[in-house]
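Here is the structure we will look at, set down as structure tokens.
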2 protein chains.
Amino acid sequence: MQRVLAGSLRWASQIHLPSFSSSLFFDNTQTQLQQYHHFHSAKDFEPQSWNSMEGLVQCSANHVPLSPIGFLERSSKAYRDNTSLIYGSITYTWLQTYQRCLKLASSLTQLGISPGDVVATFSYNLPEIYELHFAVPMAGGILCTLNARHDSAMVSTLLAHSEAKLIFVEPQLLETALGALDLLAQKDIKPPILVLLTDFESFTSSSYHNYNNLLENGSYDFEVRRPKSEWDPISINYTSGTTAAPKAVVYTHRGAYLNSIATVLLHGMGTRPVYLWSVPMFHCNGWCLPWGAAAQGATNICIRKVFPKAIFDNIHLHKVTHFGAAPTVLNMIVNSPKDNIHLPLPHMVEIMTGGSPPPPQVMARMEEMGFRVNHIYGLTETYGPATNCVCKPEWDALPPEERYALKARQGLNHLAMEEMDVKDSVTMESVKADGKTIGEVMFRGNTVMSGYFKDLKATEEAFEGGWFRSGDVGVKHEDGYIQLKDRKKDVVISGGENVSTVEVETVLYSHEAVLEAAVVARPDKLWGETPCAFVTLKEGFDNNNVSVDHIIKFCRDRLPHYMAPKTVVFEDLPKTSTGKIQKYILKEKARAMGSLS
Amino acid sequence: MQRVLAGSLRWASQIHLPSFSSSLFFDNTQTQLQQYHHFHSAKDFEPQSWNSMEGLVQCSANHVPLSPIGFLERSSKAYRDNTSLIYGSITYTWLQTYQRCLKLASSLTQLGISPGDVVATFSYNLPEIYELHFAVPMAGGILCTLNARHDSAMVSTLLAHSEAKLIFVEPQLLETALGALDLLAQKDIKPPILVLLTDFESFTSSSYHNYNNLLENGSYDFEVRRPKSEWDPISINYTSGTTAAPKAVVYTHRGAYLNSIATVLLHGMGTRPVYLWSVPMFHCNGWCLPWGAAAQGATNICIRKVFPKAIFDNIHLHKVTHFGAAPTVLNMIVNSPKDNIHLPLPHMVEIMTGGSPPPPQVMARMEEMGFRVNHIYGLTETYGPATNCVCKPEWDALPPEERYALKARQGLNHLAMEEMDVKDSVTMESVKADGKTIGEVMFRGNTVMSGYFKDLKATEEAFEGGWFRSGDVGVKHEDGYIQLKDRKKDVVISGGENVSTVEVETVLYSHEAVLEAAVVARPDKLWGETPCAFVTLKEGFDNNNVSVDHIIKFCRDRLPHYMAPKTVVFEDLPKTSTGKIQKYILKEKARAMGSLS
């Protein structure tokens with residue numbers, strides 16, 4: 001095997017030749033000195049690399065760090081005069097969006113944002129948040145989209161943790177944001193620069209900037225700061241904190257590029273789809289679809305608050321073709337008053353739903369209405385979607401109950417997630433594909449986070465064994481599809497038996513009176529724990545016509561007795577901003593009830 | 001900024017921590033010692049890398065070398081019982097294709113194929129060639145698909161150059177292949193092992209193996225040899241040699257992965273398309289679609305020879321949704337006898353066409369028939385498709401002539417090709433986007449080859465200036481779309497003026513009697529060169545009703561006079577196996593005619 005050697009000195013500035021030597025690469029501009037290690041597990045064969053083939057080089061002609069930034073540049077030509085974004089009466093084209101992002105990126109640098117600096121946002125799905133998904137990385141910054149439902153204390157904690165240099169705030173959340181900045185000042189932490197997202201109140205305060213002024217002062221000529229390495233961070237997403245303190249999940253340009261494309265493909269988004277922004281962009285960067293939508297030249301429809309009437313109105317007005325939604329949103333649609341439901345739909349509308357499996361009744365009703373529901377699964381740590389339940393044509397011939405049971409599974413890893421498996425957490429052995437043996441769902445691939453910022457211990461724990469441990473427990477079916485059974489920490493252990501709270505909830509959801517249900521462990525002197533159900537009833541139902549005993553009997557008729565709830569509480573369920581039920585609050589309530597027996 | 005440090009020794013075997021130190025990475029299995037340099041051009045900011053963020057790690061959980069091999073593994077579950085491939089009466093499912101590839105890969109290793117070894121094929125589009133696009137890389141090998149139209153001398157030259165260890169041959173080409181092996185033996189070069197692709201003649205020769213025996217002897221349990229680096233080569237594609245000796249273009253796993261996905265997206269291939277194999281898989285690995293088809297769970301329809309009746313038969317029989325074709329194939333369809341054309345089509349059929357711009361008349365007739373024609377452009381060096389002429393909705397309202405003129409442009413870089421530009425070959429400045437100024441089309445991105453195997457000089461020339469120089473000249477329009485004007489070496493220089501032979505050909509194609517046309521330079525004492533047209537007439541036309549003078553006048557009426565051909569020759573045009581007209585043969589003919597004036 002021959003080494004690749006430089007042909008002549010003339011090449012030194014353009015083509016950087018690979019070598020096996022241990023010296024650092026040193027380019028002739030003397031400005032950079034960087035090294036990249038490439039890791040993989042050892043296999044039963046000798047290392048083999050393209051470097052060993054004579055005549056090949058790696059240079060700027062054939063190697064560019066993957067980044068979703070390029071999607072926007074391309075769309076500004078390919079979809080130049082097509083609508084990029086609609087928000088109320090606001091409409092932009094792709095050329096305008098590109099130019100706005102360029103100007104914004106240039107203003108960010110004028111405000112002192114350097115590569116690697118964190119830029120936070122605190123807002124619902126306003127158009128500006130869409131733009132910042134490009135403008136911030138184009139300025140070399142790292143985007144940190146804070147959950148709009150956080151209070152001042154949480155915002156201040158996350159700003160301090162992320163070391164954000166700048167925060168974009170929507171006017172309605174200004175008070176909370178200012179509160180957070182005060183808290184930082186009290187702790188002698190330099191607060192970030194505050195930029196208000198719109199100018200509708202014409203703020204002239206000297207204490208914060210205004211988004212529109214930033215745009216006006218920006219320049220089209222800005223030279224985009226491409227990542228030096230595709231492993232450079234593009235964003236930080238704090239986990240939603242359903243179970244513990246938020247952790248700072250770091251996404252890379254490479255991962256964002258790959259997950260955007262994989263999500264576009266699994267969502268069946270062709271050229272120029274119309275995408276309704278019901279998933280908050282502060283949640284896993286909107287499942288990477290701000291970037292994916294640009295890749296496909298989508299028209300983005302922004303709505304500040306998600307409710308069924310807004311969804312139907314937009315479908316009819318703007319011909320929405322795709323949207324994502326938590327199952328609670330689907331639940332809202334299905335149980336919405338008739339006035340809010342505008343049928344028939346103008347065309348089949350594709351929905352991605354994830355977070356928890358959609359109950360069969362909800363799925364059936366959505367399909368009757370003319371939606372196609374694509375069940376996905378993922379975590380903040382997997383850039384949002386990591387799997388989908390790929391529907392098989394032969395399922396259509398099955399009885400509804402069987403069909404929806406198959407569709408409620410979490411399915412298979414998507415194209416960019418290399419492997420998914422259900423493994424024994426200790427031995428790391430794959431569980432039997434029998435649909436019964438429980439193990440931990442684990443992932444391996446380029447769309448797994450690079451880690452938790454400032455928490456190496458948590459990163460190491462998450463990656464122990466060379467796989468990302470999701471903390472979800474599930475089974476693998478004979479066809480290779482996985483199905484979640486529970487969060488590892490949510491499993492109820494009753495008399496030594498594992499009770500999957502998800503299975504109990506599925507039975508509860510099949511009851512005609514149940515709107516929402518969540519099952520947690522209640523302490524029990526005899527059994528250790530027993531299942532405790534929190535249930536919200538649909539309109540027209542209450543404790544008088546649906547009793548605790550009735551619910552318990554309903555479950556006992558459909559489940560092994562140890563799995564049926566021993567306690568049932570009727571009340572509204574606490575939820576996160578992304579619509580996830582906050583089980584940890586319910587667990588505390590159940591714990592406070594004390595032992596049943 | 002803090003460095004990332006190993007948490008504990010327990011991690012050493014699974015998580016490899018990045019560092020800025022210059023020491024080589026050394027994993028605890030002691031089997032590998034590898035380094036990877038990451039190159040990029042210096043910009044106006046300091047290097048910034050994810051490594052500088054505390055708490056992150058890179059390991060097998062979040063980094064896997066990109067490779068299209070994973071597409072097949074996933075499809076064996078996602079599309080398990082769906083049809084993967086049809087060839088006459090042969091039908092496989094995705095599970096079967098996966099298992100066949102596993103067995104084949106295991107047999108390849110038994111035959112001595114080690115990682116980095118080249119495995120050649122010499123065949124038209126048989127199912128086995130599809131399978132080898134996976135089986136060879138799964139065994140760690142490099143696939144080298146030789147053009148089935150080569151003669152023994154060329155095959156022996158390429159086998160010697162590629163150092164192929166093994167060659168798969170279809171029975172009808174056995175004689176040519178054996179001739180090539182003889183030639184190698186005469187030169188004392190060890191010939192590759194020969195494997196016959198089918199067993200229909202039940203060969204029992206001791207001098208070569210049989211594909212089906214290989215399959216039978218293979219094992220499902222084979223552990224796939226994943227690339228160590230995504231820069232490892234996956235294939236060698238010899239250029240078609242229209243203008244010079246073939247060059248060995250090397251593709252990487254990374255490039256193949258990215259170009260597969262980009263091609264799937266630009267071709268609008270959703271889940272489970274039906275793809276007709278009219279593009280030879282020996283041409284740019286079938287535009288990377290053996291891999292792309294697996295990604296989307298396509299049904300692959302193989303046909304050994306492409307002709308209009310076979311295309312229509314398959315569209316009706318198997319509900320073909322997508323196929324690729326050289327413009328000559330579209331020409332064949334349009335000019336086919338009515339008996340061979342089966343209309344209406346059962347549904348809209350998507351066509352990708354590239355190689356030369358489809359003439360407006362051909363495009364119009366194809367669309368009338370119910371095809372949608374997507375005009376693409378690329379070279380062997382860009383993994384096949386690198387651009388497409390993204391159609392804009394507003395074009396539909398234009399008069400046909402204007403619309404087809406817009407669609408005949410080569411358009412914009414696809415998603416995986418980072419940049420395309422038209423530049424002055426010497427100064428490297430971008431030409432004006434005025435649709436007039438001519439420059440060289442250049443590319444930069446991850447879907448540009450890693451180089452020409454064993455020809456560093458050619459590689460360096462191709463990448464001079466940090467861009468891949470296509471050798472094609474063209475213009476950039478105001479909307480950013482590019483349009484080819486000619487091959488750099490095909491331009492006719494007449495009286496100091498550049499004559500784009502493509503423009504002259506477009507006028508010739510617009511004549512109702514012209515089936516095919518090619519324009520080359522004829523030497524001229526007065527003008528230096530003058531355009532010389534070789535023309536094939538449609539059935540029903542000949543020299544008697546279409547004269548040389550008539551053709552010349554037709555062109556002079558539509559072009560500046562210096563651009564009109566001064567010589568017209570009526571004859572059949574010589575073509576490569578991929579349907580490209582071999583201009584170098586015509587150039588020799590024109591040269592042999594001597595000076596006109």
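Any value given below was found using the heavy atoms of this structure, including those in side chains, with hydrogens, waters and symmetry copies removed. Here is the naming used below: chain letters follow the sequence lines, and residue numbers restart at 1 for every chain.
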ask   = Do B/Glu418 and A/Arg226 sit within salt-bridge range, that is, some charged N less than 4.0 Å from a carboxylate O?
value = yes
request  = Heavy-atom pairs under 4.5 Å with chain B are the metric here; pick the option from A/Gly270, A/Gly268, A/Ala295 that has the most.
outcome  = A/Ala295
request  = Below 4.5 Å from any heavy atom of chain A, which atoms of B/Ala416 appear? Answer side chain, backbone, both or neither.
outcome  = both
task = For the pair A/Lys457 and B/Glu54, find out whether any cationic side-chain nitrogen is under 4.0 Å from an anionic carboxylate oxygen.
result = no
query = Taking every heavy-atom pair that is under 4.5 Å apart, which of B/Ala248, B/Ser75, B/Ala78 has the most such pairs with chain A?
reply = B/Ala78
message = As an exercise: rank A/Leu415, A/Asp455, A/Asp479 by heavy-atom pairs under 4.5 Å with chain B and give me the winner.
response = A/Leu415
key: Sub-4.5 Å side-chain heavy-atom contact between A/Thr271 and B/Leu265   = no
query = By a 4.5 Å heavy-atom criterion (distance strictly below it), what part of B/Glu163 contacts chain A: side chain, backbone, both, or neither?
reply = neither
Side-chain touch B/Met53/A/Ile142, heavy atoms, less than 4.5 angstrom = yes
inquiry  = Is B/Ile234 close to chain A through its backbone or its side chain, or both, or neither, when contacts mean heavy atoms under 4.5 Å?
reply    = neither
ask   = With a 4.5 angstrom heavy-atom cut-off, which part of B/Glu419 approaches chain A: side chain, backbone, both or neither?
value = neither
Residues that A/Thr382 engages under side chain to side chain contact (heavy atoms under 4.5 Å, CB included), provided they are two or more places apart = A/Leu379, A/Ala386, A/Met417, A/Phe443, A/Phe468
note = Minimal heavy-atom distance between B/Ser60 and A/Gly466, with the atoms involved, is OG-O, 3.0 Å
key: Within-4.5 Å side-chain heavy-atom neighbours: A/Pro393 and B/Asn82   = yes
ask   = Under 4.5 Å between any side-chain heavy atoms of A/Lys392 and B/Tyr79, yes or no?
value = no
remark   = Okay, A/Glu381 and chain B: the region with an atom under 4.5 Å from a heavy atom over there is neither
Which atoms of B/Leu412 approach chain A - backbone, side chain, both or neither, heavy atom under 4.5 Å = side chain
message = If you count heavy-atom pairs within less than 4.5 Å of chain A, which of B/Gln296, B/Arg272, B/Met449, B/Glu73 leads?
response = B/Arg272
message = Can you tell me which portion of B/Cys391 sits under 4.5 Å from chain A's heavy atoms? Options are side chain, backbone, both or neither.
response = backbone
query = Is there a side-chain contact between B/Val390 and A/Lys77, using heavy atoms and a 4.5 Å cut-off?
reply = no
key: Which atoms of B/Arg469 approach chain A - backbone, side chain, both or neither, heavy atom under 4.5 Å   = neither
request  = Kindly compute the distance separating CG (A/Leu56) from OG1 (B/Thr459), expressed to the nearest 0.5 Å.
outcome  = 6.5 Å
task = Answer yes or no: is there a donor N or O on one side and an acceptor on the other, between the side chain of A/Arg444 and the main chain of B/Asn62, under 3.5 Å?
result = no
key: Side chain B/Arg74, main chain A/Asn413, donor-acceptor under 3.5 Å   = yes
key: Top contributor to chain B contacts, counting heavy-atom pairs under 4.5 Å, from A/Gly480, A/Gly445, A/Gly70   = A/Gly445
message = Do B/Leu258 and A/Leu66 have side chains that approach each other closer than 4.5 Å (heavy atoms only, starting at C-beta)?
response = yes
ask   = Using non-hydrogen atoms only, which part of A/Ile236 is less than 4.5 Å away from chain B: side chain, backbone, both, or neither?
value = side chain
key: Contacting moiety of A/Asn446, where chain B heavy atoms sit under 4.5 Å   = both
query = Who passes salt bridge (charged side-chain N to carboxylate O under 4.0 Å, His left out) against B/Glu394, sequence neighbours left out?
reply = none
